[in-house]
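Below: one structure, written as structure tokens.
Letters A, B, ... are given to chains in the order of the sequence lines, protein chains preceding strands, and every chain is numbered from 1. Atoms considered below: every heavy atom in the structure, side chains included; atoms not considered: hydrogens, waters and symmetry mates.
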Number of protein chains: 2
Amino acid sequence: MEVLSEAIAAKGLRRSRQRDAIARTFFVMGGHVPVEALVEAVRRQEPGVSVATVYRTMKLLADVGLAVPRDFGDGRARYEAAHRRHAHSHDHLVCTGCGRIAEFESHQIEALQRRLARRHGFEVERRHVELYGRCAGCRAAGKGADAA
Amino acid sequence: MEVLSEAIAAKGLRRSRQRDAIARTFFVMGGHVPVEALVEAVRRQEPGVSVATVYRTMKLLADVGLAVPRDFGDGRARYEAAHRRHAHSHDHLVCTGCGRIAEFESHQIEALQRRLARRHGFEVERRHVELYGRCAGCRAAGKGADAA
DNA sequence: TCCATATTGATAGTGATTCTCAATAACCGA
DNA sequence: TCGGTTATTGAGAATCACTATCAATATGGA
């Protein structure tokens with residue numbers, strides 16, 4: 001939150017009740033927050049907040065580096081707090097049954113990818129890695145390969 | 001194209017001038033074709049084809065396994081012919097400067113991912129891997145990290 | 001050729017996100 | 001503390017890509 005104030009000040013922007021509420025709620029929620037869910041949560045604190053403001057604020061947090069946009073292919077934007085756990089990027093496992101998300105990190109994979117990219121002349125700036133599959137629970141529940 | 005006829009027949013579906021034109025055009029175009037571009041190209045052959053039909057046909061090709069949907073995060077769907085090059089999945093390098101796309105494949109990376117997924121109880125069904133960065137050309141052109 | 005029905009095209013509808021713009025509220029200085 | 005400049009907000013319209021609807025049409029087998 002302090003980083004946010006500083007970033008806002010540094011850009012000649014202003015704080016606001018809404019902005020604070022959105023950021024605070026977002027960081028408290030944790031995980032991979034769909035904007036829609038964030039709107040709902042924020043409104044429990046600040047009833048009038050509009051979706052536009054939430055979208056705007058999350059984009060701001062992303063610009064400042066405090067949030068990372070995630071896209072799990074279901075058509076709605078999610079954000080994840082940037083400080084969580086590792087300094088480096090981590091990849092995601094998305095359960096196609098229950099939607100549960102697990103994270104993992106592998107310097108080895110990253111190194112391999114970087115190397116292969118270089119071989120094609122590319123310098124990697126951003127990675128987008130998700131593996132979709134069934135978590136243990138859903139497999140145990142006997143849900144077929146396509147949801148029951 | 002033969003595979004397509006068979007698949008269509010096997011499903012009790014019918015061929016049509018539009019379907020043929022769309023499939024043929026798609027395979028001729030090659031690469032990672034945005035639906036929008038495909039519509040344009042097809043209409044040079046069959047002027048009246050509607051976007052709905054193109055979307056429907058591409059979904060059909062995907063169902064049948066002849067096309068693979070790709071999502072490069074720019075909000076429009078692309079399809080890639082499934083037969084191209086490798087039998088297995090390949091990953092993509094997307095240049096943030098010129099949009100050029102390179103492909104690479106690494107059994108080692110796939111194996112590592114599968115192993116890490118298992119460690120979290122996941123069984124991988126589908127992978128979604130793109131690396132965004134600058135290709136050699138764009139870096140040489142001195143375009144800064146954010147397009148000039 | 002005829003018919004049952006798969007397919008199509010035009011368009012309305014969706015769902016998520018962004019834009020517009022007048023009203024409001026933050027910050028800064030006096 | 002008060003004011004003024006101007007960033008921010010909220011409501012709803014607008015976009016954008018894609019899907020559903022449905023009457024008209026075309027396909028493939030009998």
Side-chain angles (χ1 to χ4, degrees), chain A residues 1 4-26 32-64 67 69-79 99, chain B residues 1-2 4-26 32-64 67 69-79:
Chain A
M1 286 301 283
L4 178 57
S5 318
E6 289 170 25
I8 284 179
K11 286 195 168 195
L13 304 180
R14 296 171 186 175
R15 295 182 69 167
S16 73
R17 198 156 26 76
Q18 295 88 328
R19 242 134 50 185
D20 282 1
I22 293 166
R24 204 177 317 115
T25 306
F26 168 65
H32 310 80
V33 188
V35 177
E36 160 196 40
L38 182 55
V39 170
E40 232 182 291
V42 170
R43 281 183 175 159
R44 282 196 280 276
Q45 307 292 138
E46 293 286 332
V49 177
S50 81
V51 291
T53 299
V54 175
Y55 276 104
R56 286 187 283 232
T57 301
M58 290 317 297
K59 181 170 290 179
L60 172 62
L61 289 188
D63 285 346
V64 168
R70 298 289 182 193
D71 171 11
F72 293 149
D74 61 351
R76 52 220 157 111
R78 292 155 191 268
Y79 283 93
Chain B
M1 286 302 283
E2 302 166 29
L4 178 57
S5 317
E6 289 170 26
I8 283 179
K11 286 198 168 192
L13 304 180
R14 296 171 185 173
R15 295 183 67 168
S16 72
R17 200 155 26 76
Q18 296 86 329
R19 256 191 327 216
D20 283 1
I22 293 167
R24 202 177 319 112
T25 306
F26 169 65
H32 309 81
V33 188
V35 178
E36 160 196 40
L38 182 56
V39 171
E40 231 181 293
V42 171
R43 280 184 176 159
R44 281 196 280 274
Q45 307 293 137
E46 292 288 331
V49 177
S50 79
V51 291
T53 299
V54 175
Y55 275 107
R56 286 188 283 235
T57 301
M58 290 318 296
K59 182 171 289 177
L60 171 63
L61 290 188
D63 286 346
V64 170
R70 299 289 182 193
D71 172 12
F72 294 148
D74 60 352
R76 54 222 156 111
R78 292 155 190 269
Y79 283 93

>> Between the base of dT19(D) and the side chain of Arg56(B), is one N or O donor paired with an acceptor at under 3.5 angstrom?
In response: no
> Given atom CD1 of Ile8(B) and atom C1' of dA26(D), what is their separation to the nearest angstrom?
Replying inline: 14 Å
> Would Thr53(A) and Val42(A) satisfy side-chain contact (heavy atoms from CB on, under 4.5 Å), going step by step from the backbone distance to the final call?
Replying inline: CA-CA 11 Å; Thr53(A) 299; Val42(A) 170; over 6 Å; no
> Atom CE of Met58(B) and atom P of dC18(D): how far apart are they, to the nearest Å?
Replying inline: 12 Å
>> Without decimals, in angstroms, what is the distance between Glu36(A) CD and dG15(C) P?
In response: 11 Å
> Nearest of dT6(D), dT8(C), dT17(C) to any side-chain atom of Val35(A)?
Replying inline: dT17(C)
> Got a second to check how far Arg17(A)'s CZ is from Ile22(A)'s CD1, nearest 0.5 Å?
Replying inline: 11.0 Å
> Can you tell me how far P of dT8(C) sits from CZ of Arg43(B), to the nearest Å?
Replying inline: 14 Å
>> Using a heavy-atom cut-off of 4.0 Å across all strands, would you classify Lys11(B) as base, sugar-phosphate, or nothing?
In response: nothing
>> Considering every strand and a 4.0 Å limit on heavy-atom distances, what is the contact class for Val49(A): base, sugar-phosphate, or nothing?
In response: sugar-phosphate
> Starting at the 5' end of DNA chain D, which residue's closest nucleotide do you reach first, Gln18(A) or Ala52(B)?
Replying inline: Gln18(A)
> Can you tell me how far C1' of dT19(D) sits from NZ of Lys59(B), to the nearest Å?
Replying inline: 7 Å
> Atom CZ of Arg14(B) and atom P of dA6(C): how far apart are they, to the nearest Å?
Replying inline: 6 Å
> Between atom OH in Tyr79(A) and atom P in dA16(C), what is the gap in whole Å?
Replying inline: 15 Å
>> It should be established whether Tyr55(B) places a side-chain nitrogen or oxygen under 4.0 Å from OP1 or OP2 of nucleotide dC18(D).
In response: yes
> Between Arg17(B) and Ala77(B), who's closer to the 5' end of DNA chain D by nearest nucleotide?
Replying inline: Ala77(B)
> Is a donor-acceptor contact shorter than 3.5 angstrom present between the side chain of Arg76(A) and the base of dT17(C)?
Replying inline: no
> Under 4.0 Å between a side-chain N or O of Ser16(A) and OP1 or OP2 of dT9(D)?
Replying inline: yes
> Side chain of Ser50(A): nearest nucleotide among dA16(C), dG9(C), dG10(D)?
Replying inline: dG10(D)
>> Quick check: do Gln18(B) and Thr57(B) have side-chain heavy atoms less than 4.5 Å from each other?
In response: no
>> Measure CG/Asp74(B) against P/dT18(C) and give the value in whole Å, please.
In response: 14 Å
